[in-house]
Amino acid sequence: MDNVDVCEEFQPRGKKRRLQDGNTENVNVGAVNNKSMSLQRSRLPQPSLRRIQMPPTVASTNPAGAVKKAGCGTMPLGSSRGRLAQSIPAKVMKTRVAAVAVAPSTAAKGAVAKRRPAWDVKGKLDDTKKHLTDCTGKLQVAELQRKQFRENADVLGKSLSHATSRVKELEDKLRTAESQLQSRESELEQLRHDNAGLQKVLPLREAQISSLTTEVKELSATLKDTKSTLVSTEQKLDDKAALVDEQHKLIGSLEEKLQHTEQALTNMEQERRRLHNAVQELKGNIRVICRVRPLLEKERHNDMNHIQFLPSDEKVITLTKEQESRTGNNRKDVVKHNFSFDHVLQPVAKQEEVFEDISQLVQSALDGYNVCIFAYGQTGSGKTYTMEGPDELTCDTKGMIPRAVDQIFVTARRLETMGWLYKFTASFLEIYNETIRDLLVTKSQKAVVYDIKQCSNKSEQLYVTNLEYISVSTVEEVNKLITISKSNRSVAKTAMNDHSSRSHSVFQLHIEGSNAANGLVC
């Protein structure tokens with residue numbers, strides 16, 4: 001089907017206007033007045049600047065057949081090829097056809113007639129009006145044809161869409177049926193293959209059944225033998241049961257002996273504690289041990305000749321001093337001063353030797369007695385080294401506090417086998433310039449006041465208010481607290497007799513022991 005093009009171009013007054021339809025007929029019109037041009041333009045239909053493109057299915061349809069079905073006929077329009085016109089009432093169709101049919105003869109006459117002179121403007125205007133009338137009729141017929149074609153195209157498009165969807169539906173059903181058929185064929189082929197495989201396996205299974213039947217017979221014979229063995233085993237089991245009963249009785253008697261032994265061990269432990277502490281009291285509740293430290297590097301130019309130790313007596317130390325003789329003659333007499341202690345340790349003594357003298361007192365602390373170990377001496381005499389050790393601790397250089405803590409925890413773990421449970425609480429304070437400071441508090445708290453008070457009127461024990469008490473359960477936790485206290489402690493090297501500048505540190509370890517089985521508390 002051909003496409004219908006309708007195009008109209010208007011130019012300003014005084015210019016030429018060109019009208020063109022599908023038959024490419026051109027008319028040149030001169031300038032006219034505004035009134036005539038407005039009247040003639042209002043009679044024309046609105047032009048369509050869009051090219052009408054029919055769908056492929058409509059474009060491929062036979063125009064003559066489609067027009068006959070729609071109730072339309074063909075008619076000649078001027079000298080061009082045949083066009084389609086919609087069936088309309090007879091009177092209107094006759095008028096429009098007549099108007100269109102006359103156009104060719106008029107155009108022919110115009111072509112044969114003489115050219116109007118330039119002054120005959122009215123005649124040219126009449127010719128132009130006639131030509132516009134013919135074009136208007138053509139445009140109206142073309143618009144009717146376009147509307148009819150559009151309606152026919154819509155109907156055909158809907159029919160085609162319905163037919164297409166129906167074809168797709170049938171194709172989908174066909175593909176589904178073919179897929180099902182292929183699936184059934186594959187299943188059938190698989191069943192045939194399985195059947196063939198089963199036919200091959202059938203003789204093997206029959207042989208296996210025969211073998212299993214033979215095995216069942218053999219197992220039946222074995223079952224009889226097993227039953228007889230079971231009877232003999234049951235007899236042996238009864239004998240073992242009787243033996244187990246005897247063992248249970250023996251275990252009961254041993255448990256009873258064990259209870260008596262544990263009770264005896266508990267009594268012996270109590271007796272050991274009593275005797276141990278009686279020995280400690282006999283040795284003296286207050287013991288004084290003298291330790292002489294070696295010379296430091298800066299003291300190597302001096303000597304220790306004024307200090308004398310007796311090899312036969314480790315409890316005596318002698319200090320010598322030269323003074324002017326009373327007889328004169330520039331003579332100097334040597335004066336000796338003897339001092340007696342519970343034990344005197346020479347400069348070569350190690351930390352372990354020092355701890356041996358106080359280890360028995362540490363055991364008394366686990367037995368429930370109050371024990372106090374302190375170092376006393378002038379500034380620089382080695383008190384901190386003896387009690388805590390150097391900054392870098394080793395097994396040989398550990399001080400009395402770390403060694404005492406090790407012994408306490410080792411002994412506590414050993415006494416757990418006897419039913420003893422211990423709880424430990426540690427604190428570390430410093431008395432510096434007659435002021436108490438908590439060494440376990442990282443940041444100083446100026447508003448906190450520490451006072452020494454008595455626990456109760458009936459008790460002689462003392463405590464420090466607002467002091468930090470921390471529960472510990474391992475040696476490592478105690479060593480960590482000692483490290484914190486070292487970093488927080490104030491140490492000043494000043495004159496030996498300047499009392500106000502000395503720092504005194506106190507480490508306390510509270511031990512609470514209980515034996516629930518025997519109802520003992522220490």
Side-chain angles (χ1 to χ4, degrees), residues 180 182-276 362-363 366-368 405-424 471-477 511-522:
Q180 292 178 353
Q182 292 178 357
S183 176
R184 295 296 183 270
E185 289 178 353
S186 61
E187 290 178 359
L188 179 60
E189 184 65 24
Q190 183 64 31
L191 291 174
R192 289 175 180 174
H193 180 71
D194 294 342
N195 186 23
L198 291 175
Q199 291 295 332
K200 294 179 181 179
V201 174
L202 182 59
L204 180 60
R205 295 291 181 266
E206 290 177 351
Q208 291 179 351
I209 292 173
S210 177
S211 176
L212 291 174
T213 303
T214 305
E215 290 181 2
V216 167
K217 293 179 180 179
E218 294 176 355
L219 291 174
S220 299
T222 305
L223 179 60
K224 292 181 180 180
D225 298 337
T226 304
K227 287 181 178 180
S228 60
T229 304
L230 179 61
V231 172
S232 60
T233 304
E234 289 178 350
Q235 183 63 34
K236 293 180 180 179
L237 183 61
D238 293 337
D239 298 338
K240 296 294 183 182
L243 181 60
V244 168
D245 292 338
E246 294 179 0
Q247 294 294 330
H248 281 307
K249 292 179 181 179
L250 179 60
I251 291 172
S253 63
L254 292 176
E255 288 178 349
E256 185 177 356
K257 289 181 181 180
L258 179 61
Q259 292 178 357
H260 292 299
T261 303
E262 289 178 351
Q263 184 64 35
L265 182 60
T266 303
N267 296 334
M268 291 176 64
E269 177 64 20
Q270 296 297 325
E271 184 66 16
R272 184 202 62 77
R273 292 189 175 193
R274 186 184 66 81
L275 294 175
H276 173 78
V362 175
Q363 179 62 44
L366 287 172
D367 294 341
V405 170
D406 291 343
Q407 180 178 345
I408 287 173
F409 279 97
V410 170
T411 307
R413 284 194 295 269
R414 179 177 59 82
L415 293 177
E416 285 180 359
T417 59
M418 299 181 185
W420 285 94
L421 296 177
Y422 291 92
K423 294 182 180 179
F424 304 95
S471 298
V472 293
S473 57
T474 61
V475 177
E476 289 74 14
E477 293 179 358
I511 304 173
E512 297 180 7
S514 62
N515 191 328
N518 299 318
L520 299 177
V521 178
C522 66

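Just so you know, these numbers use all the heavy atoms, side chains as well, and skip hydrogens, waters and symmetry mates.
With rounding to the nearest 0.5 angstrom, the NE2 atom of His260 is 10.0 Å from the CG atom of Leu258. Within the model, atoms OG1 of Thr233 and NZ of Lys240 stand 11.5 Å from one another, a figure rounded to the nearest 0.5 Å. Atom OG of Ser471 and atom CZ of Phe424 lie 11.0 Å apart (nearest 0.5 Å). Interatomic distance, Gln270 CD to Asn515 CG, rounded to the nearest 0.5 Å: 8.0 Å. For the atom pair OG1 (Thr214) and CD1 (Ile209), the distance works out to 12.0 Å, reported to the nearest 0.5 Å. If you take CD on Gln235 and CG on Leu230, they are separated by 12.0 Å, rounding to the nearest 0.5 Å.
Heavy-atom minimum distance, Tyr422 versus Leu366: OH-O, 3.5 Å.
For Ser210 (side chain) and Glu206 (main-chain N/O), no donor-acceptor pair under 3.5 Å exists by modelled atom type. At distances below 3.5 Å, not a single donor-acceptor pair connects side-chain atoms of Ser211 with backbone N or O atoms of Ala207.
With sequence neighbours excluded, the residues satisfying side chain to side chain donor-acceptor pair (under 3.5 Å) with Gln263 are Asn267. For Glu271, the salt bridge (charged side-chain N to carboxylate O under 4.0 Å, His left out) criterion is met by Arg274, not counting sequence neighbours. Legend: residues meeting side chain to side chain donor-acceptor pair (under 3.5 Å) with Arg272, ordered by chain and number and at least two apart, are Glu269, Asp367.
At most 12 non-hydrogen atoms from other residues, nucleotides or ligands lie less than 6.0 angstrom from CE of Met268.
Between His248 and Val244 there is a side-chain heavy-atom pair separated by less than 4.5 Å.
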Exercise answer: donor-acceptor pairs, residues 405-417 side-chain atoms, under 3.5 Å, sequence neighbours excluded:
unit_1 : atom_1 : unit_2 : atom_2 : d
Asp406 : OD2    : Lys398 : NZ     : 2.6
Gln407 : NE2    : Ser359 : O      : 3.1
Thr411 : OG1    : Gln407 : O      : 2.8
Thr417 : OG1    : Arg414 : O      : 2.6

Without placing hydrogens or testing angles, list every side-chain donor-acceptor pair under 3.5 Å for residues 220-228, not counting sequence neighbours.
unit_1 : atom_1 : unit_2 : atom_2 : d
Ser220 : OG     : Val216 : O      : 2.8
Thr222 : OG1    : Glu218 : O      : 2.9
Thr226 : OG1    : Thr222 : O      : 2.8
Ser228 : OG     : Asp225 : O      : 2.5

I'd like a table of donor-acceptor pairs (distance under 3.5 Å, sequence neighbours excluded) in which one partner is a side-chain atom from residues 188-205, with atom names and distances.
unit_1 : atom_1 : unit_2 : atom_2 : d
Gln190 : NE2    : Asp194 : OD1    : 3.0

